[in-house]
*Asks:* 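I'd like to ask some things about the structure below.
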Amino acid sequence: MPELSIVALFYNEQENAGKVVSDLSASLKDASVDYEIIAVNNGSNDRTPQILEAIRNSEGKRMRIVTIKKNIGYGNGVIQGLKSAKGKYVGYMWGDNEISSGAVVMLYDELKKGNCDLCKITRVSRNYSLMRKIQSRFYNMLFYMMFSVNSKDINGCPKIMKKECYLKINPQSKDWFVDAEIMINAKRNNYGVKELPVEYRKREGGQSHVRWTTTFEFLKNMLHYKLKGV
């Protein structure tokens with residue numbers, strides 16, 4: 001069994017998929033981490049599937065591909081990828097190449113120290129528009145007021161945690177709220193969470209799949225969790 005299982009999510013990321021997996025593999029090998037990469041093709045309709053398949057041929061047993069024929073949400077991709085994770089530590093990351101693969105090694109090393117159950121990044125120097133920055137700050141502030149989860153970047157990824165921690169948290173959200181659900185349930189189960197600052201870099205290829213409607217999706221799910229206590 002590998003020590004670390006890391007899920008990388010790809011939805012129409014033909015411009016980034018090859019570099020993300022190659023860089024991640026190189027960083028983990030350089031750090032002598034016993035790992036497996038689970039690449040999730042989350043319903044892509046570009047050349048992402050072919051690119052991932054070509055990389056798997058060179059990576060061998062260190063890499064597996066989970067294919068989701070129809071994209072029904074980011075959270076579903078996370079959950080389906082982690083279902084097959086075999087590692088003692090499990091985590092997931094985006095496939096947009098906005099965060100260095102070295103962040104995965106940094107989070108893993110911090111978890112290995114035994115000072116926390118879940119370790120994640122908080123993005124710094126984000127090159128977002130003013131409106132996007134205001135939305136993000138408002139969201140994190142409201143999230144703290146409603147759930148007492150103290151985080152500078154709720155949605156920051158990669159997130160890596162102990163396997164038993166993930167199984168206990170047991171996220172069900174199939175949309176963008178999955179990150180928030182994990183943080184809420186980590187708090188409810190008294191898991192130790194640590195955030196490490198990581199430099200955000202501007203996307204060089206492809207396009208973001210976050211839409212303005214995502215904000216309303218977050219608000220709806222927050223109210224659901226608060227009122228129903230699920």
Side-chain angles (χ1 to χ4, degrees), residues 7 9 11 72-79 82 90-100 102-104 106-107 110-111 115-162 165-166 168-203 207-230:
V7 171
L9 294 140
Y11 174 52
I72 62 171
Y74 159 67
N76 182 61
V78 172
I79 292 168
L82 287 173
V90 302
Y92 61 97
M93 61 182 287
W94 304 316
D96 54 15
N97 201 33
E98 292 182 356
I99 301 295
S100 167
V104 173
M106 181 177 67
L107 296 175
E110 191 64 32
L111 267 174
N115 297 323
C116 59
D117 303 291
L118 184 156
C119 199
K120 60 179 287 293
I121 70 158
T122 181
R123 291 164 287 182
V124 297
S125 302
R126 284 185 270 182
N127 189 27
Y128 290 161
S129 66
L130 178 60
M131 181 57 68
R132 181 81 180 271
K133 289 178 180 178
I134 291 172
Q135 288 177 331
S136 179
R137 183 163 295 186
F138 171 75
Y139 172 69
N140 284 294
M141 180 180 69
L142 182 61
F143 196 84
Y144 174 75
M145 292 171 62
M146 294 182 71
F147 302 104
S148 298
V149 176
N150 190 13
S151 173
K152 294 180 180 179
D153 186 8
I154 293 294
N155 298 323
C157 279
K159 286 182 174 72
I160 303 178
M161 65 206 85
K162 297 175 182 176
C165 174
Y166 178 76
K168 183 70 174 179
I169 288 173
N170 190 28
Q172 300 296 311
S173 299
K174 294 184 178 181
D175 54 20
W176 290 102
F177 198 69
V178 68
D179 286 297
E181 183 186 5
I182 286 173
M183 296 296 284
I184 292 170
N185 288 343
K187 169 77 173 180
R188 290 176 175 174
N189 285 281
N190 297 313
Y191 286 128
V193 177
K194 190 162 187 177
E195 296 189 344
L196 301 180
V198 171
E199 193 79 14
Y200 163 89
R201 57 192 186 192
K202 188 176 181 180
R203 174 189 273 271
Q207 60 182 355
S208 172
H209 304 293
V210 179
R211 301 291 180 260
W212 65 270
T213 54
T214 303
T215 301
F216 296 100
E217 184 181 285
F218 280 138
L219 293 174
K220 179 191 73 174
N221 282 316
M222 279 198 289
L223 287 173
H224 173 72
Y225 263 73
K226 187 66 176 178
L227 296 175
K228 300 296 183 180
V230 298

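No hydrogens, no waters, no symmetry mates; every other heavy atom, side chains included, goes into these values. Because the structure is predicted, anything quoted here is derived from the model rather than measured.
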*Asks:* Is any side-chain heavy atom of Asn221 closer than 4.5 Å to a side-chain heavy atom of Trp176?
*Replies:*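 No, their side chains stay 4.5 Å or more apart.
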
*Asks:* Under a 4.5 Å cut-off applied to non-hydrogen side-chain atoms, are Lys220 and Phe177 in contact?
*Replies:* no

*Asks:* Can you name the side chain to side chain contact (heavy atoms under 4.5 Å, CB included) partners of Asn189, sequence neighbours left out?
*Replies:* Lys168, Asn185, Tyr191

*Asks:* Is Glu181 close to Ile184 at the side-chain level, that is, under 4.5 Å between some pair of heavy atoms?
*Replies:* no

*Asks:* Just jot down the side chain to side chain contact (heavy atoms under 4.5 Å, CB included) partners of Asn76, sequence neighbours excluded, or say none.
*Replies:*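 With neighbours one apart ignored, the set is Ile68, Ile72, Gln80, Lys174.
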
*Asks:* Once you round to the nearest 0.5 Å, how far does OH of Tyr74 lie from OH of Tyr11?
*Replies:*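 Reported value, rounded in 0.5 Å steps: 15.5 Å.
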
*Asks:* Pick from Ile160, Ile182, Leu111, Leu107: which one makes a side chain to side chain contact (heavy atoms under 4.5 Å, CB included) with Leu118?
*Replies:* Ile182

*Asks:* What class does the angle between the rings of Phe147 and Tyr225 fall in, given that below 30° is parallel, 30 to 60° is tilted and above 60° is perpendicular?
*Replies:* perpendicular

*Asks:* Looking at Ile121 and Cys157, what are the two nearest heavy atoms and their distance?
*Replies:*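 That would be CD1-O, 2.8 Å.
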
*Asks:* Quick check: closest heavy atoms across Tyr92 and Met161, and the distance to 0.1 Å?
*Replies:* CE2-CE, 4.5 Å

*Asks:* side-chain hydrogen bond (donor to acceptor under 3.5 Å, both in side chains) with Ser100: which residues, sequence neighbours excluded?
*Replies:*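 Not a single residue meets the side-chain hydrogen bond (donor to acceptor under 3.5 Å, both in side chains) criterion with Ser100.
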
*Asks:* Please tell me if the side chains of Val78 and Asp179 come closer than 4.5 Å, counting only heavy atoms from C-beta onward.
*Replies:* no

*Asks:* By side chain to side chain contact (heavy atoms under 4.5 Å, CB included), which residues pair with Met145, not counting sequence neighbours?
*Replies:*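 By the side chain to side chain contact (heavy atoms under 4.5 Å, CB included) rule, Met145 matches Met141.
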
*Asks:* By side-chain hydrogen bond (donor to acceptor under 3.5 Å, both in side chains), which residues pair with Asn150, not counting sequence neighbours?
*Replies:*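 If we apply the side-chain hydrogen bond (donor to acceptor under 3.5 Å, both in side chains) test to Asn150, skipping adjacent residues, there are no hits.
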
*Asks:* What closest approach, in Å, do Gly91 and Leu82 show between heavy atoms, and which atom pair accounts for it?
*Replies:* O-CD2, 3.7 Å

*Asks:* Any chance you could measure Lys194, atom NZ, to Asn115, atom CG, to the nearest 0.5 Å?
*Replies:* 6.0 Å

*Asks:* Are any non-hydrogen side-chain atoms of Lys120 and Asp153 less than 4.5 angstrom apart?
*Replies:* yes

*Asks:* State, to 0.1 Å, how close Ile154 and Lys159 come at their nearest heavy-atom pair, and which atoms those are.
*Replies:* O-NZ, 2.9 Å

*Asks:* For the residue pair Met146 and Lys226, what are the closest heavy atoms and their distance?
*Replies:* O-NZ, 2.7 Å

*Asks:* Tell me the closest heavy-atom pair linking Ile99 and Pro158, and the distance in Å.
*Replies:* CG2-CD, 4.0 Å

*Asks:* Does Lys152 pair with Glu195 as a salt bridge, N-O distance under 4.0 Å?
*Replies:*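 No, Lys152 and Glu195 are not salt-bridged.
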
*Asks:* Regarding Arg201 and Asn97, do their side chains bring together a donor and an acceptor under 3.5 Å, going by distance alone?
*Replies:* yes

*Asks:* Holding to side chain to side chain contact (heavy atoms under 4.5 Å, CB included), I want the full list of residues that pass it with Met106, two or more places apart in sequence or in another chain.
*Replies:*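 Scan of Met106 (side chain to side chain contact (heavy atoms under 4.5 Å, CB included), adjacent residues dropped) gives Leu196, Val198.
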
*Asks:* Find the distance between SG (Cys116) and NZ (Lys162) and round it off to the nearest 0.5 Å.
*Replies:* 7.5 Å

